[in-house]
Amino acid sequence: MIKIDDLDFKIENRDILKNINLNIKKNKFIGIIGENGCGKSTLLKNIYRSYIPQKNKIYLDGIEINDYSIKELSRKISVLSQNQKISFDFTVKEIVEMGKYNRSSLFEKKNYENDLDEALDKVGMKHLKSASFLTLSGGEMQRTLIARSIAQESKILLLDEPTNHLDVRYQYQIMDLVKKLDKTVIAVIHDINIASRYCDYIFALKNGKIEYEGTPEEVIDSKKIKDIFQIEVEVIKHPLNNKPIVIFL
Ligand SMILES: Nc1ncnc2c1ncn2[C@@H]1O[C@H](COP(=O)(O)OP(=O)(O)OP(=O)(O)O)[C@@H](O)[C@H]1O
C-alpha cells in the first residue's frame with residue numbers, strides 16, 4: 001500500500017532522513033518511535049506531502065505520490081498532526097464536514113448528513129455536534145478530529161502523537177478507537193507501552209535512520225530501547241495480553 005524506497009531528506013543541507021525503506025501493508029497499525037528530533041514528523045510529512053521528497057521515492061498503491069492531485073491524495077490519506085491549530089469558532093459538525101470537501105459529486109453527497117452523524121457517533125461526539133470546537137476538552141477535540149478523518153473516508157490515517165496532551169483514559173480511548181477503524185495507520189508514538197499495545201509493527205528511528213524494525217516483541221527489548229532512548233529499562237510481559245511492557249529503572 002505504502003512503499004518508500006531509499007528516501008533521503010535534507011533540510012538546509014542537513015541530512016534529516018537517511019536511507020529510509022518501508023513497505024506498509026493494508027490495514028496494518030504501524031508505529032514510529034524514537035527520541036526527540038530523530039526525524040519522525042519529517043517522515044510523516046514526506047508521506048503526506050507537506051514536504052516534497054527530494055527524489056521520487058514514495059509510492060501509494062504503486063503510484064508515486066507526486067503524481068496524485070491534492071484531491072486524490074486527500075481521498076487516500078487523512079492526517080492528524082501535532083500542530084493542527086483551529087482558531088476560528090467552528091462547530092463540531094462543521095469541523096467534521098471539512099473532511100468531506102474531497103467528496104464533491106452529487107452522488108457522493110447523497111448520504112452526506114448520515115455520514116457526518118455516523119462519524120460523530122463512532123467517536124462518541126454526536127451529542128456535542130452543535131458545540132463550539134474551541135470550548136471542547138483536549139480529548140473531545142482529538143475525537144472530533146478523528147471524526148473528521150472518518151468522514152474523509154481515506155484508507156490511510158497518519159497520526160503525529162495522537163495522544164499528546166490527553167489524560168490516561170483518553171490516551172487509551174483514542175487509540176482503541178483508531179485501532180477499530182479498519183484503516184492503515186502510521187502513528188508517531190512517544191509512549192513505548194502504547195506502541196507495544198496497539199502496533200502490529202514498529203520502526204525505531206535514530207538520527208534519521210531506521211535503526212530497528214519489527215513486531216513489538218522484536219523491537220521492545222531492553223538493549224534496543226537503551227540504544228534508541230539512552231535509558232535503562234527492564235522489559236516484562238503484560239500479564240493479560242502478553243505484549244512487552246517497559247519498566248523504567
Ligand atoms: N522546517 C525545518 N527547518 C529546520 N529544521 C527542521 C525543520 N523541520 C524539522 N527540522 C529539524 O529536523 C530534525 C527532525 O525533526 P522532526 O520534527 O522530524 O523530529 P521528531 O522526531 O518528530 O521530533 P519530536 O519527537 O521532538 O517531535 C530536528 O532536528 C528538527 O530541528
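Just follow the structure's listing: the first ligand is 1, and inside any ligand the first atom is 1.
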Q.
Regarding atom 22 (O) of ligand 1: of the candidates G37, G208, S41, which has the closest heavy atom?
A.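 Shortest heavy-atom distance from atom 22 (O) of ligand 1: S41.
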
Q | Option set E161, H190, R14, K40, criterion heavy-atom distance to atom 29 (O) of ligand 1, minimum | A |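 Among E161, H190, R14, K40, the closest heavy atom to atom 29 (O) of ligand 1 comes from R14.
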
(Q) Using 0.5 Å steps for rounding, measure from the CD1 atom of I192 to the CD1 atom of I225. (A)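 Result: 4.0 Å between the selected atoms.
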
Q: Compute whether any side-chain donor of one residue and acceptor of the other, for Y201 and E213, lie under 3.5 angstrom apart.
A: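 On atom types as modelled, these side chains qualify, holding a pair under 3.5 Å.
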
Q: Answer with yes or no whether the side chains of D160 and S81 bring together a donor and an acceptor at under 3.5 Å.
A: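 Result is no, nothing qualifies.
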
Against ligand 1, does [X] come closer than 4.0 Å with any heavy atom?
{"X": "G39", "result": "yes"}
{"X": "K45", "result": "no"}
{"X": "Y51", "result": "yes"}

Q. Applying the 4.5 Å side-chain criterion to the ILVMFWY set and letting contacts propagate, would Y212 and V188 be lumped into a single cluster?
A.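 They do not share one cluster, since no chain of ILVMFWY contacts under 4.5 Å joins Y212 to V188.
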
Q: Report yes or no: do I220 and L249 belong to one cluster of Ile/Leu/Val/Met/Phe/Trp/Tyr joined by side chain heavy-atom distances under 4.5 Å?
A: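 In one cluster: no.
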
Q) Any N or O of C38 that comes nearer than 3.5 Å to an N or O of ligand 1? A)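 In this structure, C38 places an N or O atom under 3.5 Å from an N or O of ligand 1.
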
Q: Answer yes or no: does an N/O atom from I16 fall short of 3.5 Å to an N/O atom of ligand 1?
A: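 Such a contact does not occur with ligand 1.
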
**Q.** S78 versus Q152, closest heavy-atom pair with distance
**A.**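 In terms of heavy atoms, the two residues are closest at CB-OE1, 3.1 Å.
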
Q: Report the part of T42 in contact with ligand 1, treating N, CA, C, O as backbone and CB onward as side chain, heavy atoms under 4.0 Å; options are side chain, backbone, both, neither.
A: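 Both backbone and side chain.
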
